[in-house]
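Beneath this line is the structure, given in C-alpha cells, with notes to follow.
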Amino acid sequence: MGSGELARTAVLALVVGAVLMVLVVRVRRDSAREMQRTLPNPWADSPAVSATLAALGSQLAPGGTAGWLVVVLGSERAAAEALVASLHPGLPDDGPFSVNRLVGGAPVRLTGKVSQGVAAVTTVERLAGPDLS
C-alpha cells in the first residue's frame with residue numbers, strides 16, 4: 001500500500017467517522033428534546049393554580065398589575081403556576097397570607113388566602129429592586 005492510498009484511506013475514515021458522530025449527536029439531541037416535552041407538570045391540574053387564575057383575573061391581562069409576569073413567562077397559566085410554586089413552604093394552614101418572593105426574575109409581594117389547604121394568590125405587587133430580566 002503506497003503513501004497515497006494510505007492517505008486516502010485515512011481521509012475516508014475521518015469523513016465516515018465525522019458523519020457518524022454528527023448522526024449520533026443529532027439523535028441524542030432529538031431524544032433529549034422529546035424527554036423535555038413529556039416531563040409531567042406538577043401544577044397541571046392544581047386547584048391552587050385554578051383558584052389563582054380566577055382570583056387574579058384582569059391583573060394578568062396586558063396593562064394589569066401582573067401583566068408583566070405574563071409577558072416574561074409566556075401565558076397567564078404559566079404566571080399562575082410560577083406564583084403558586086413560589087408559595088411553598090411558609091404559608092399558614094388556613095387564612096390570609098402576605099409573603100415576599102422572587103417570581104419571574106423580580107421581587108414581588110403576594111397576598112391571598114389559604115382555604116381548605118388550597119392557596120389562592122389574590123394580588124401581586126412588584127417590589128422595587130434590581131431588574132433581573
Side-chain angles (χ1 to χ4, degrees):
M1 185 183 277
S3 64
E5 280 184 46
L6 187 59
R8 272 183 276 167
T9 303
V11 168
L12 182 62
L14 288 173
V15 168
V16 169
V19 168
L20 288 175
M21 185 60 76
V22 167
L23 291 173
V24 167
V25 168
R26 184 173 201 121
V27 167
R28 288 185 56 97
R29 188 180 313 148
D30 290 345
S31 64
R33 283 186 191 139
E34 186 61 34
M35 283 196 56
Q36 285 178 337
R37 284 187 214 123
T38 60
L39 291 176
N41 179 353
W43 302 108
D45 296 317
S46 167
V49 171
S50 298
T52 295
L53 279 169
L56 289 177
S58 63
Q59 292 181 55
L60 292 170
T65 57
W68 63 271
L69 189 56
V70 174
V71 172
V72 169
L73 298 176
S75 72
E76 291 180 0
R77 179 132 194 114
E81 289 172 357
L83 292 169
V84 170
S86 75
L87 292 175
H88 303 285
L91 292 183
D93 292 334
D94 202 47
F97 64 86
S98 179
V99 294
N100 293 345
R101 297 288 192 259
L102 186 65
V103 181
V108 295
R109 177 169 294 120
L110 308 175
T111 56
K113 184 176 180 182
V114 179
S115 178
Q116 298 176 350
V118 176
V121 176
T122 56
T123 62
V124 177
E125 176 189 353
R126 190 170 186 174
L127 302 174
D131 187 336
L132 303 175
S133 54

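Predicted, not measured: the structure shown is a model, and the values here were computed from it.
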Using a 3.5 Å cut-off and no angle test, enumerate the donor-acceptor pairs between side-chain atoms of residues 61-69 and protein atoms at least two apart in sequence or in another chain.
residue: Thr65; atom: OG1; partner: Gln59; partner atom: OE1; Å: 3.1
residue: Trp68; atom: NE1; partner: Thr65; partner atom: O; Å: 3.2

Minimum heavy-atom distance between Ala128 and Pro107, given as atom pair plus value: O-CG, 4.2 Å
Where Thr52 and Ala80 come nearest, the two heavy atoms and their spacing: CG2-CB, 4.2 Å
Pairs touching residues 113-122 that satisfy side chain to side chain donor-acceptor pair (under 3.5 Å), sequence neighbours left out: none
Smallest separation among heavy atoms of Arg101 and Leu110, with atom names: CG-CD1, 4.2 Å
For Gly95 against Pro92, the heavy-atom pair lying closest together: O-CG, 4.2 Å
side-chain hydrogen bond (donor to acceptor under 3.5 Å, both in side chains) partners for Asn100, two or more places apart: Arg109
Closest approach of Leu87 to Val99 (non-hydrogen atoms, all atoms of both residues): CD2-CG2, 4.0 Å
Closest heavy-atom pair and its distance - Leu83, Leu56: CD1-CD1, 3.6 Å
Co-membership, hydrophobic cluster, residues Val118 and Leu53, 4.5 Å side-chain: no
Common cluster, Leu20/Leu12, ILVMFWY with side-chain heavy-atom separation under 4.5 Å: yes
Inter-residue atom distance Glu81.CD - Ser75.OG, 0.5 Å rounding: 7.0 Å
